[in-house]
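Predicted model, so just to flag it, every value in this text is computed and none were measured. Reminder, nothing fancy here: chain letters follow the sequence lines and each chain counts from 1. FYI, side chains are in, hydrogens and waters are out, and symmetry mates aren't considered; it's all heavy atoms of this structure.
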Protein chains: 2
Amino acid sequence: MDDIDRKILGLLQKDATLSTAEIAEAVGLSTTPCWRRIQILEQEGYITRRVALVDRNKVNVPLDVFVAVRTNEHNWDWLDEFARLICEFPEVVELYRMSGEIDYLMRVVVPDMAAYDAFYKKLISKVQLSDVSSSFAMERIKYTTALPLDYALEETRGRRRRS
Amino acid sequence: MDDIDRKILGLLQKDATLSTAEIAEAVGLSTTPCWRRIQILEQEGYITRRVALVDRNKVNVPLDVFVAVRTNEHNWDWLDEFARLICEFPEVVELYRMSGEIDYLMRVVVPDMAAYDAFYKKLISKVQLSDVSSSFAMERIKYTTALPLDYALEETRGRRRRS
DNA sequence: ACAAGCCATGGACGATATCGACCGTAAGAT
DNA sequence: ATCTTACGGTCGATATCGTCCATGGCTTGT
């Protein structure tokens, strides 16, 4: 993990269709060593997968709903069951176990409020939840899958230190 | 948008490295028409981009913080400035304008609570916010970039209706 | 019956990925 | 002062795919 690796990751995070030649030029390497680095980044698990992002409007799910959940059950079995169940819902794209007041927070994508209502009914019919509160997003201002790379550690693995 | 298109999108959402031949086989087409459909899906904007997802632990940002923001300023100029500013922060991965109590909700990724504190200080030094409350995620149970495709409309564009 | 739309097949061209081999160099270690 | 290691650069060979023809056949709507 040096500056060049960071640059490569940064580029691929934005656009995974870039050819090795293009990346090589952008980071100031020739193609072969650049390709080697990408290989290593993949083998070491820095890059977990490459995916296509689809337009939410085109597939008719323009609405984000944040669902804050509280429960009375706080044992592992319940959590397992809950997690398993939620993962079945394709509408739930994010689910976090939280600290503080709220036990779980999830983001749900649906076509509109009516569809959310249908989802909500399905949800509460399957799980016992003591308190559910939904907040609707009016507008998504920023959304990116790109993580910040400034915090990545050098990790003197081989011996990679360029001035 | 028929069942085959949905299948193709579903596959590419999960793994964009699949070759057209593999996709073709999976959806029960031969390669050429399958390739054409993918072309169309891209031209029509169903597929917006292809990106690489990187491992958050590897790049040292394992912690999710949800930041709920309230403000007194409710004019367009302020929003523009706020949006512009937030988009500069690579740690802010999602930002929504909400309905209800909270004005804005964002997800921030950082290495640890200390780093979040540093981020927080940077944030409040740049924007005037009347109320900020942070919730830390203990665990990310589900996270996917794949949208549900069940809601996608048929959109009888050409004449595409399979049984 | 006819036309339109979609599929399958086959093939051709070119871009790229994917290596392997070899050399040069700079920094660290002994 | 060497020896070693870890790069990077270059060259080149394969082979896989993407890309895009052209043709023919099947089904469906009018």
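What separates CE of A:Met1 from P of D:dC7 is a distance of 13 Å, to the nearest Å. A straight line from CD of A:Glu42 to C1' of C:dC19 spans 15 Å, rounded to a whole angstrom. Following rounding to the nearest Å, B:Ile8 (CD1) and C:dC6 (C1') show an atom-to-atom distance of 13 Å. Rounded to whole Å, atom P of D:dC7 lies 13 Å from atom CD of A:Glu154. A:Leu29 places its CG atom 12 Å from the P atom of D:dC7, with the value rounded to the nearest Å. The nearest whole Å value for the distance from the CD1 atom in A:Ile4 to the C1' atom in D:dG9 is 13 Å. Atom pair B:Asp2:CG and C:dG5:C1' shows a separation of 13 Å (rounding to whole Å applied). The CD-P distance, from A:Glu22 to C:dA15, rounds to 14 Å in whole Å.
No side-chain donor from either of A:Tyr120 and A:Ser134 sits under 3.5 Å from a side-chain acceptor of the other.
To the nearest 0.5 Å, atom CG of residue A:Asn60 and atom CG of residue A:Asp112 are 7.5 Å apart.
Listed nucleotides C:dT9, D:dC7, C:dC6 differ in distance to B:Ser30; the shortest reach to its side chain belongs to C:dT9.
The pair B:Arg49-A:Asp15 does not meet the salt-bridge criterion, since no charged nitrogen lies less than 4.0 angstrom from a carboxylate oxygen. Salt bridge status for B:Lys121 with B:Asp117: present, with a side-chain N to carboxylate O gap under 4.0 Å.
A:Ser130 contributes a side-chain N or O that, together with a main-chain N or O of A:Arg70, makes up a donor-acceptor pair within less than 3.5 Å.
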Quiz item: How does protein contact run along nucleotides 12-21 of chain D, one letter per nucleotide 5' to 3', with B for base contact, S for sugar-phosphate only, - for none, heavy atoms under 4.0 Å?
Solution: ------SSBB

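Take A:Thr71 and apply the side chain to side chain contact (heavy atoms under 4.5 Å, CB included) test, not counting sequence neighbours, and it matches A:Glu73, A:His74, A:Trp78, A:Asp103, A:Tyr104.
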